[in-house]
Amino acid sequence: MTNCTVDRTPSLRLVDSHAHLELEPLINDSATVMQRATAAGVIAVITVGIDLADAQAALKIAETFDNVFAAVGFHPHNAKDATGSLIHEMERAAAHPKVVAYGEIGLDFFRNLSPQSIQRSVFNEQLHVAKALDKPVVIHLRNAYEEGLDMIEKVAPFPAGGVVHCFSGNEKDAARALDLGFHLSIPGTVTYRKSDKLRSIVKDLPPDRILIETDCPFLSPEPLRGKTNEPAHIVHTAREVARIRQVSLEEIAEITTQNAVRLFGLPL
Ligand SMILES: [Zn+2]
Ligand SMILES: [Zn+2]
């Protein structure tokens, strides 16, 4: 008999804390995507709905798979659509038993797909929604860390905690997020050659505040950069975080999984 052991550490348990399984192309093949995730050691995925229709799609996937959970909220790109009573509708969607967080909400002054003034008002309103729901808040900030953190600090404290996902800020931004009691979620960009600043932040983060994510289908880590990202690829990000912090892959997997379980109250 040949040795048919698969190339993975059997004890590995990873959580993808931020994914978009409900977006193309992953939505077309979610069963296979989740099979590959399980084979890679991923025990839970949080899929993030970014407008009302996308939130419904995310909930449907969360209802289909025991180990998929959802977060819902108007992404800053979609802030222009969050008119009138629609934020209340999102709040109602967030009452679904598989919704473990509110968001992603924030400011994106890199792509500016919604006018900045609308992004600000929708972000502020949703910060209050997250706080009232008493669920962790998922924050998206791009080219807007200083102003975004100012806005969060004005609404703080957030007793249910939160996470700045796909962290791309500087050391001061990281310190402010930690002071808020938030976690930082590290994406596949940490494997990119030019990400020295992110790597130096990852090195010094308190172990109980680190999460890892794919943000799939975007931002596939090296050596899969440029391909469609999916939860199974998170092992490459975990391996790089482990290398930076000079701990084993198993240890970083266990720490980040425990952090995700605690923050999101995952029933694992
Ligand atoms: Zn985001
Ligand atoms: Zn996202």
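Keep in mind that the numbers below use all heavy atoms, side chains included, and drop hydrogens, waters and symmetry copies. Every number for a ligand or one of its atoms is a count from 1 in the order of the listing. This is a predicted model, so every value here is computed, not measured.
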Does the pair Glu254/Arg13 count as a salt bridge with the N-to-O cut at 4.0 Å?
->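 A salt bridge is present here (some side-chain N lies under 4.0 Å from a carboxylate O).
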
Please determine if Arg225 forms a cation-pi arrangement with Tyr192, meaning its NZ or CZ atom is less than 6.0 Å from the six-membered ring centre and no more than 45° off the ring axis.
->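 Yes, cation above the ring, under 6.0 Å and within 45°.
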
Within 45° cone and under 6.0 Å: Lys135 NZ/CZ vs Tyr102 ring |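 Output no; distance or angle outside limits.
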
Would you say the side-chain atoms of His18 and Glu213 include a donor-acceptor pair closer than 3.5 Å?
->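 No donor-acceptor contact under 3.5 Å links the two side chains.
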
With Phe74, the side-chain contact (heavy atoms from CB on, under 4.5 Å) member among Leu52, Ile105, Asp54, Val129 |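 Exactly one option meets the side-chain contact (heavy atoms from CB on, under 4.5 Å) with Phe74, and it is Leu52.
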
Do the side chain of Ser114 and the main chain of Pro76 share a donor and acceptor less than 3.5 angstrom apart?
->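 Checked: pair present.
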
So which protein N/O/S atoms does the Zn ion (ligand 1) have within less than 2.8 Å?
->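 The answer, once waters are left aside, is Glu104 OE1, His140 ND1, His165 NE2.
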
